[in-house]
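Nothing fancy with the numbering, it's 1 onward along the sequence. Both backbone and side-chain heavy atoms feed into the values below; hydrogens, waters and symmetry mates do not.
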Amino acid sequence: MRITVAWIVVALLGAFSGGADAQGQLTVTGEGAVQAAPDMATITVGVVSQEPTAAAALGETSASTGALLTLLSEIGIEQADMQTSNLQLSPVWDQRNSGSREQPGIVAYRASNNVTLRVRVLGDLGAILDDVVQSGATQFNGLVFGLQEPQPAQDAARAAAVGDALRKAALYAEAAGVSLGPILAINEGGVATPRPVEMAQFAARSGPVPIAQGELNITAQVTVVFEISGQ
């Protein structure tokens with residue numbers, strides 16, 4: 001795990017009257033970033049069916065979703081790592097010319113359902129994606145790598161952000177010719193989580209889907225307010 005820092009925004013607040021006891025505030029925002037290898041992936045796939053009736057479309061989607069969940073259980077995905085969501089049923093209208101006076105009619109019904117699963121052994125991810133496609137999933141809605149225990153990396157990023165703020169505060173106080181006093185406030189600006197990797201819809205293939213997991217970049221931001229006094 002390696003730590004990097006980035007410069008953000010620095011502001012001097014308060015005015016000095018010129019006396020030795022004049023005081024003000026120095027507000028510094030620091031950022032820390034931690035790079036860590038992921039040990040988990042979350043993927044979301046979709047099952048879509050189109051049939052002449054609503055009941056048939058919903059039944060087909062339910063059957064395909066059930067088959068997919070059964071397959072995931074058979075290849076070792078725990079029940080706690082699988083979740084269905086966003087079940088939808090909608091009519092499919094016929095395509096009429098814009099100049100036609102006839103009202104469009106329903107020609108079919110489309111049902112869809114999403115399955116989100118966590119993969120805790122990244123070496124199996126490519127093969128699992130291939131198995132999912134072979135089992136009937138027709139849409140791929142996202143992939144995000146993550147950490148099963150993110151707190152140590154998040155805390156390291158927070159510590160780096162505070163260190164960045166302290167370093168910059170000392171630098172700016174020296175450059176401005178003022179004395180750096182105690183910390184008056186520390187406000188966390190948040191910890192950024194990895195963004196999903198967007199991938200195009202893919203088709204069934206005979207081999208595992210190639211995956212490059214790379215590294216996660218976890219960032220934290222803090223704003224620290226110091227008391228300062230004129231020299």
**Asked** Do Leu166 and Ile183 come within less than 4.5 Å of each other through their side chains, counting heavy atoms only?
**Response** yes

**Asked** Would you find more than 12 non-hydrogen atoms of other residues, nucleotides or ligands less than 6.0 Å from Gln83 atom CD?
**Response** no

**Prompt:** Do side-chain atoms of Ser64 reach the backbone of Thr61 as a donor and acceptor pair under 3.5 angstrom?
**Reply:** no

**Prompt:** Does the side chain of Ile218 come within less than 4.5 Å of Gln154's, by heavy atoms?
**Reply:** yes

**Asked** Looking at Val162 and Val222, what are the two nearest heavy atoms and their distance?
**Response** N-CG2, 3.8 Å

**Asked** Looking at Ala169 and Phe226, what are the two nearest heavy atoms and their distance?
**Response** CB-CE1, 3.3 Å

**Request:** Carefully, step by step, assess Gln79 and Ser73 under the rule side chain to side chain donor-acceptor pair (under 3.5 Å).
**Result:** CA-CA 7 Å; Gln79 290 293 324; Ser73 295; 3.0 Å; yes

**Asked** Under 3.5 Å, side chain of Asp81 to main-chain N/O of Leu117, donor-acceptor pair present?
**Response** no

**Message:** Return the CD to CG distance between Gln221 and Asn187, rounded to the nearest 0.5 Å.
**Reply:** 11.0 Å

**Request:** Give the cluster check for Val132 versus Val121: same hydrophobic cluster or not, with ILVMFWY residues linked at side-chain heavy-atom distances below 4.5 Å.
**Result:** no

**Full working for side chain to side chain contact (heavy atoms under 4.5 Å, CB included) between Ile77 and Leu71** = CA-CA 9 Å; Ile77 304 297; Leu71 170 68; over 6 Å; no

**Asked** What distance do Ser90 atom OG and Gln50 atom CD have between them, rounded to the nearest 0.5 Å?
**Response** 8.5 Å

**Message:** Do Val48 and Gln139 make a side-chain contact, defined as non-hydrogen atoms from C-beta onward lying under 4.5 Å apart?
**Reply:** yes

**Request:** Flag the pair Thr42 / Val119 as yes when at least one side-chain heavy-atom distance between them is below 4.5 Å, and no otherwise.
**Result:** no

**Asked** Just by modelled atom types, is the Thr29 backbone N or O under 3.5 Å from a matching donor or acceptor in the Lys168 side chain?
**Response** yes

**Prompt:** Can you find a pair of side-chain heavy atoms, one from Leu89 and one from Tyr109, that are under 4.5 Å apart?
**Reply:** yes

**Asked** Are a donor atom and an acceptor atom from the side chains of Gln88 and Asn86 found within less than 3.5 Å of each other?
**Response** yes

**Fill in**
Closest heavy-atom pair, Glu51 versus Ala57, reported as atoms and distance to 0.1 Å, is CB-N, 3.5 Å

**Request:** Work out which heavy atom in Pro38 is nearest to a heavy atom in Leu122; give both atom names and the distance.
**Result:** O-CD1, 3.3 Å

**Complete:** d(Leu171 CG, Leu180 CG) to nearest 0.5 Å is 11.0 Å

**Prompt:** Any chain of hydrophobic side-chain contacts (each under 4.5 Å) joining Leu143 to Leu72?
**Reply:** yes

**Request:** Working to the nearest 0.5 Å, report the span between CE of Met82 and CZ of Arg118.
**Result:** 10.5 Å

**Asked** Would you call Asp131 and Ile75 a side-chain contact if the rule is heavy atoms closer than 4.5 Å?
**Response** yes

**Prompt:** With side chains defined as the heavy atoms from C-beta onward, is the minimum distance between Val107 and Trp93 less than 4.5 Å?
**Reply:** no

**Request:** Say whether Leu129 and Met40 are linked into one hydrophobic cluster, either directly or through other cluster members, by side-chain heavy-atom distances under 4.5 angstrom.
**Result:** no

**Message:** Tell me whether Asp39 contacts the main-chain N or O of Gln148 through its side chain, where contact means a donor paired with an acceptor under 3.5 Å.
**Reply:** yes

**Complete:** So OG1 of Thr27 and OH of Tyr172: to nearest 0.5 Å the spacing works out to 13.0 Å

**Request:** Mind listing the closest non-hydrogen atom pair of Ala165 and Val224 along with its distance?
**Result:** CB-CG2, 3.7 Å

**Considering all heavy atoms, the nearest Ala41-Leu125 contact** = CB-CD2, 3.9 Å

**Candidate list Thr44, Thr65, Asn141, test side chain to side chain donor-acceptor pair (under 3.5 Å), partner Asn114, passing option** = Asn141

**Same apolar cluster (I L V M F W Y, side chains within < 4.5 Å links), Leu184/Leu26** = no

**Heavy-atom side-chain contact between Gln25 and Glu227 under 4.5 Å** = no

**Asked** Atom OG1 of Thr219 and atom CD of Glu31: how far apart are they, to the nearest 0.5 Å?
**Response** 5.0 Å

**Item:** Linked, directly or transitively: Val115 and Phe140 (ILVMFWY side chains, under 4.5 Å)
**Value:** yes

